[in-house]
Amino acid sequence: MTSVLSTTTTYADIGPRICVTPPYYALGDLVSPAPGLAGATVPVQSPTGRQAPVINIAEAGRHLAILGLCAAATTNPAPGKHYYLAHRGVGRMYPPTGSPPGRGGGPLHGTASARMSGRNRAVAETELHDADGTLVARLDMEYLVLSVPVFRRLMGPATAPDATGPAQPYAAPAPLTDVSADDRSATARMTVNPSLCQGHFAGHPALPVSVAGYATFALFDHVLEAAAGPDARWQPGSYRLRADHLAAAGRTCTVEVEPSAPTEPDAHDRAFTGTLRSGGQDIFSIQVDYTVV
């Protein structure tokens with residue numbers, strides 16, 4: 001007998017089956033009208049920095065990846081809680097066309113279509129629209145799906161207490177230190193503060209993929225300022241990300257940004273690669289096409 005959710009469901013039904021909890025989980029009015037489908041209101045909680053969109057690329061990815069795993073959970077035939085670890089992603093951000101959320105633009109709304117692509121894998125296609133229905137962002141995500149016992153064997157004994165801190169820890173700038181930047185590259189360090197891991201994951205706090213991305217984009221802002229001046233902003237386009245390891249709370253990471261070839265040569269004439277490493281492991285990397293605006 002399977003446990004696929006076959007009727008209209010909400011967070012009350014899906015929450016016990018997934019790995020993320022508030023405040024990292026911040027979707028509103030989550031609903032799944034059928035297995036593999038989900039929709040929700042998406043908040044804007046983090047500063048955009050020098051990015052032009054109404055929501056920064058890391059936060060859009062955060063909410064869409066969570067919405068995608070919620071949709072995937074409704075199709076998982078295995079009962080109980082599972083960990084849906086973001087593994088590979090391909091996405092695109094679109095230029096803003098109206099007022100930002102909270103300034104007359106209304107809320108953002110996300111949709112997801114997902115399925116289990118194997119016993120331990122899931123895939124999701126997600127979109128984010130503004131109040132007028134204009135496309136803001138798109139993200140196709142692949143997840144590694146782990147049962148609770150498998151996840152605990154992977155992570156080993158808990159090395160840090162459950163994360164605590166501000167009720168909304170993602171409104172602050174990325175906690176970069178030792179920043180060194182010029183118009184060609186930049187490096188910095190970031191300690192994985194437990195407050196950044198709230199809701200990701202209970203018993204084994206680890207750096208969320210979106211926070212790793214947030215750190216690389218904040219570092220790129222320094223490169224952009226050096227290259228194009230203090231008022232320069234950038235519009236992200238297509239991007240590709242990969243997350244290969246988890247950085248537990250307390251670890252220190254090296255953040256690096258450098259120019260790279262565009263992921264789509266005919267789409268944007270500039271690109272950069274951001275990486276985050278810790279203890280000799282590649283934690284996270286992303287290639288982003290962009291334009292200066």
Side-chain angles (χ1 to χ4, degrees), residues 19-21 24 46 57-59 61-62 65-66 69 82-89 120-121 141-165 169-170 172-182 184-223 239-260 272-288:
C19 50
V20 291
T21 56
Y24 190 65
S46 302
I57 185 173
E59 183 171 19
R62 167 192 163 198
I66 292 173
L69 71 85
H82 283 74
Y83 289 80
Y84 296 80
L85 305 184
H87 185 48
R88 300 285 187 271
N120 301 310
R121 290 182 181 270
M141 181 62 70
E142 177 184 344
Y143 308 87
L144 302 179
V145 183
L146 307 180
S147 66
V148 172
V150 171
F151 178 80
R152 288 177 177 171
R153 286 198 298 270
L154 172 68
M155 295 297 290
T159 58
D162 283 349
T164 59
Y170 308 108
L176 300 177
T177 60
D178 301 326
V179 175
S180 176
D182 56 29
R184 296 172 305 236
S185 63
T187 61
R189 291 167 65 84
M190 183 179 73
T191 298
V192 182
N193 190 308
S195 67
L196 297 175
C197 309
Q198 293 181 81
H200 188 280
F201 302 102
H204 292 84
L207 183 71
V209 169
S210 69
V211 178
Y214 189 32
T216 63
F217 305 140
L219 186 58
F220 177 70
D221 282 356
H222 290 274
V223 176
Y239 63 91
R240 293 180 179 271
L241 68 87
R242 58 183 296 164
D244 292 317
H245 295 92
L246 292 172
R251 291 178 67 173
T252 298
C253 300
T254 299
V255 188
E256 299 177 353
V257 165
E258 62 181 0
S260 63
F272 69 87
T273 297
T275 59
L276 191 140
R277 300 183 177 92
S278 179
Q281 292 181 326
D282 287 345
I283 303 298
F284 169 85
S285 65
I286 190 166
Q287 292 177 289
V288 184

Output the distance between atom [atom1] ([X]) and atom [atom2] ([Y]), rounded to the nearest 0.5 Å.
X: His245; Y: Gln281; atom1: NE2; atom2: CD; result: 4.0 Å
X: Leu154; Y: Leu85; atom1: CG; atom2: CG; result: 7.5 Å
X: Thr275; Y: Arg242; atom1: OG1; atom2: CZ; result: 12.0 Å
X: Leu146; Y: Cys19; atom1: CG; atom2: SG; result: 9.0 Å
X: His222; Y: Ser180; atom1: NE2; atom2: OG; result: 10.5 Å
X: Thr273; Y: Ile286; atom1: OG1; atom2: CD1; result: 9.5 Å

Taking every non-hydrogen atom, the tightest pair across [X] and [Y]:
X: Gly274; Y: Val257; result: CA-CG2, 4.3 Å
X: Cys197; Y: Ala249; result: SG-CB, 4.2 Å
X: Met141; Y: Ala86; result: SD-CB, 3.9 Å
X: Ser260; Y: Gln287; result: OG-NE2, 4.4 Å
X: Ala188; Y: Leu219; result: CB-CD1, 3.9 Å
X: Ser46; Y: Glu59; result: N-OE1, 2.9 Å

Check whether Tyr170 forms a cation-pi arrangement with Arg62 (NZ or CZ under 6.0 Å from the six-membered ring centre, at most 45° off the ring normal). yes
Do [X] and [Y] have side chains that get closer than 4.5 Å, going by heavy atoms?
X: Val211; Y: Phe284; answer: no
X: Ile57; Y: Tyr239; answer: yes
X: Cys253; Y: Val192; answer: yes
X: Thr216; Y: Val288; answer: no
X: Leu207; Y: Met190; answer: yes
X: Thr252; Y: Arg189; answer: yes
X: Ser210; Y: Tyr24; answer: yes
X: Leu196; Y: Tyr214; answer: no

Kindly assign one of parallel, tilted or perpendicular to the pair Phe217 and Phe272, based on the angle between their ring planes and the thresholds 30° and 60°. perpendicular
Name all residues meeting the salt bridge (Lys or Arg N to Asp or Glu O under 4.0 Å) criterion together with Arg251; count only those two or more places apart in sequence or in a different chain, and write none if there are none. none
Look only at the side chain of [X] and the backbone of [Y], and say whether a donor-acceptor pair between them is shorter than 3.5 Å.
X: Tyr84; Y: Ala65; result: no
X: His200; Y: Ala206; result: yes
X: His82; Y: Asn120; result: no
X: His87; Y: Asp244; result: no

What pairs of residues pass the salt bridge (Lys or Arg N to Asp or Glu O under 4.0 Å) test when at least one of them lies in residues 273-288, not counting sequence neighbours? Glu256-Arg277, Arg277-Asp282
Could you walk me through whether Leu241 and Arg88 pass side-chain contact (heavy atoms from CB on, under 4.5 Å), step by step? CA-CA 6 Å; Leu241 68 87; Arg88 300 285 187 271; 6.0 Å; no
Working note: Tyr83 + Val150, criterion side-chain contact (heavy atoms from CB on, under 4.5 Å); need CA distance, chi angles, decisive distance, verdict. CA-CA 9 Å; Tyr83 289 80; Val150 171; over 6 Å; no
